[in-house]
Amino acid sequence: MNYQSSRGNSSFITAPHAIKMGIAPDGGLFVPDYVPEISKNVFFRMESWSYQERAAYILQSFLNEFSDKEIADCVYGAYNLDSFDDERIAPLLELYERVHIQELWHGPTSAFKDMALQMLPRLLSKSVRKTGENDEMLILVATSGDTGKAALEGFKDVGGIRIIVFFPDDGVSEVQKRQMISQEGQNVHVAAVKGNFDDAQTGVKRIFASKSFATVLSRKGIKMSSANSINWGRLLPQIVYYVSAYVDLKADGKMEQGEGINFVVPTGNFGNILAAYYAMKMGVPVNRLICAANANKVLTDFINTGIYDRKRKFEKTISPSMDILISSNLERLLFEITDHDAVRVSKWMEDLQREGNYKIDKDTLTKIQKIFWSDYCTDVDTMETIRSIWLNRRYLIDPHTAVAVNVYEKYLLNTGDKSPTVIVSTASPFKFGSSVARAILGEDFIKGKNEFEILEFLSDKTGIPIPEGIKGLDKREVRHKTVTDSDKMEETVLAFLGI
Ligand SMILES: *Cc1c(COP(=O)(O)O)cnc(C)c1O
């Protein structure tokens, strides 16, 4: 299978090249030239397959250059009981009749980024070899929280690859910081950047853009690459759990003949929900894809009006992983939904770059609205939703998942649609323990306690154990103590590499 740029100005390339390059040379995103369909017969057989077997089948159908053995190495290396604390990997549970939660946070960092970042490093490492590359790869990441730790866990001790993560000294939670500075692994480096996330991100972008810096590295046999969510190797593993959810519902007799599923996805960069769209193109019967946003509701406005406008105030919310105003992966949807019209997509992306907004035509908007539905949820409603789901169902959800539950309630009120529904849960409640404790116990209970005391307290009060990856973090050895100025990040990279 070949891959092309969503902006049409790059030649067709194979999957290993697309995964190695991450982003296309013309600034577009790599997209497969067709989407393979899963036959009825295979869907039926999948009912008795493990998550890993389902993953291997789906990955194989997009990655013809990989042998069965290579795919199996990747799948069983990524999804196993050393890194996941549930053998089902992405378990489904019933919240209400016909309404299910799919927990995507049983991986090492307790957030759904693990589903992709346990896989990407393995695909990348094999892709590098397949393209005849001899250089060592250097992954640079600027993180506002979840991605950094998930990338460190995914890339640790993967051959031929080194990873450096920069996080803003005053822009991540105490739990997130501790997770990163205690990271183990021979090939990992972590540095705090004095400043906020923008300072760290700008620094990393500057390094990527510097030709002279690339030359310095290249003389030492090192090439830079990125692990962010526009890499096809990150999107592909996310398709698996949507297919898997459908197969599980069917196997449990929860789908009537001719019914479609609603998937509800708490959305930021549009990667997760786009994977649901690809699952639909592979043959999963979808009724609606419900895009749940927080106060940064740029996608809700887009889906309801056809106008994407990032010129608005950035809101800091209690669902921080969705605090995004440029949802990069939307570009892939536009490319698919216009039947690969790279000219139109390029024009919209140019408008976005130049004017900060773009408007799609009526025909394209109608096509999007046939599949997608969107609304948003404020912080106050997020807290109320965590509280009511705990009181009514004795089920504890994190703020991102609460945004999805709340928007689904709005969808039900608006449409009365009772199709079987899967709400994806993107983080363990303990990953955002302070907000969750405040929501179900009240402000007075957490006053004067630090983040780690709050987690213990929350666990005591609810009887739910703290996930391994978060437990006892404050007592773990600190392995990374580097602090750098945002204008000294190049020097920090060279120092880490011993250049
Ligand atoms: C990254 C993230 C999201 C948003 O996912 P996108 O693929 O960026 O839309 C939602 N919830 C959590 C907990 C996340 O870490």
Side-chain angles (χ1 to χ4, degrees), residues 29 90 101-120 141-151 153-154 167 172-173 175-176 179 197 227-242 263-279 289-300 302-303 317-333 372 374 376-377 382 386 396-407 423-433 435-436 467 469-470:
L29 310 192
I101 296 265
Q102 188 175 33
E103 295 178 343
L104 300 178
W105 41 261
H106 287 278
T109 77
S110 307
F112 99 101
K113 302 277 189 300
D114 290 329
M115 300 302 295
L117 279 165
Q118 282 295 306
M119 178 60 72
L120 172 69
V141 179
T143 184
S144 59
D146 291 343
T147 303
K149 177 63 180 181
E153 276 297 317
F167 70 87
V172 299
S173 77
V175 166
Q176 288 172 324
Q179 275 190 315
F197 173 63
N228 67 22
S229 77
I230 54 184
N231 193 311
W232 179 253
R234 247 184 94 168
L235 197 73
L236 180 52
Q238 298 187 265
I239 300 173
V240 178
Y241 47 78
Y242 290 104
F263 286 109
V264 190
V265 187
T267 300
N269 208 17
F270 209 75
N272 201 0
I273 196 167
L274 183 73
Y277 175 80
Y278 277 112
L289 299 178
I290 297 163
C291 172
N294 65 21
N296 295 291
K297 59 185 184 61
V298 66
L299 284 165
T300 301
F302 172 70
I303 289 168
T317 74
I318 56 168
S319 44
S321 303
M322 296 156 68
D323 290 347
I324 286 177
L325 290 179
I326 301 187
S327 301
S328 315
N329 266 302
L330 186 60
E331 181 169 348
R332 281 195 172 105
L333 175 71
F372 291 87
S374 184
Y376 75 103
C377 173
T382 305
I386 295 172
L396 202 57
I397 54 177
D398 95 291
H400 303 79
T401 309
V403 166
V405 170
N406 178 273
V407 167
I423 300 170
V424 296
S425 174
T426 49
S428 154
F430 288 93
K431 187 98 197 223
F432 299 91
S435 300
V436 173
I470 297 177

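Counting convention: from 1, in listed order, for ligands and their atoms alike.
Pairing each heavy atom of Ala402 with each of Ile386, the nearest pair is CB-CG1, 3.6 Å.
Checked against a 3.5 angstrom limit, the closest N/O atoms of Phe270 and ligand 1 fall inside it. At least one N or O atom of Asp146, backbone or side chain, sits closer than 3.5 Å to an N or O atom of ligand 1. Every N/O-N/O distance between His400 and ligand 1 stays at or above 3.5 Å. Considering backbone and side-chain atoms together, Asp398 places no N or O closer than 3.5 Å to any N or O of ligand 1.
Looking at Leu299, Asn269, Leu274 and measuring to atom 8 (O) of ligand 1, the nearest heavy atom belongs to Asn269. Heavy-atom proximity to atom 7 (O) of ligand 1, evaluated over Thr147, Asn272, Asp114, is greatest for Asn272.
Looking only at heavy atoms of the protein, atom 13 (C) of ligand 1 is closest to Thr426 OG1, 3.4 Å. Remark: minimum distance from atom 15 (O) of ligand 1 to any protein heavy atom is reached at Lys113 NZ, 2.6 Å.
Residue contacts with ligand 1 include Pro266, since one or more of its heavy atoms lies under 4.0 Å from the ligand.
For ligand 1, the atoms lying closer than 4.0 Å to a non-hydrogen atom of Gly268 are 4 (C), 6 (P), 8 (O), 9 (O). Of all atoms in ligand 1, numbered sequentially from 1 with element shown, those under 4.0 Å from a heavy atom of Gly271 are 6 (P), 7 (O), 9 (O). Against a heavy-atom cut-off of under 4.0 Å, Ala427 is close to the following atoms of ligand 1: 13 (C). Residue Thr267 has at least one heavy-atom neighbour below 4.0 Å for each of these atoms of ligand 1: 9 (O).
Annotation: the span from Leu104 atom CG to Gln238 atom CD amounts to 8.5 Å, rounded to 0.5 Å. Put simply, CG on Leu235 and CG on Leu120 are 11.0 Å apart, with the number rounded to the nearest 0.5 Å. The NZ atom of Lys113 sits 8.0 Å away from atom CG of Asn272, with the distance rounded to the nearest 0.5 Å. Atoms CZ and OG, from Phe432 and Ser321 in turn, are 4.0 Å apart once rounded to the nearest 0.5 Å. Atom CG of Asn296 sits about 12.5 Å away from atom OG1 of Thr267, to the nearest 0.5 Å.
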Practice task
Decide side-chain contact (heavy atoms from CB on, under 4.5 Å) for Thr147 and Arg234; before the verdict, give the C-alpha distance in whole Å, the side-chain angles of both, and the deciding distance to 0.1 Å.
Solution key: CA-CA 12 Å; Thr147 303; Arg234 247 184 94 168; 3.8 Å; yes
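When the shell of 6.0 Å around OH of Tyr376 is examined, it contains 12 or fewer heavy atoms from other residues, nucleotides or ligands.
Shown are Tyr241, Trp232, Tyr242; of these, the ring-ring contact (aromatic ring centres under 6.0 Å, His included) with Tyr278 is made only by Trp232.
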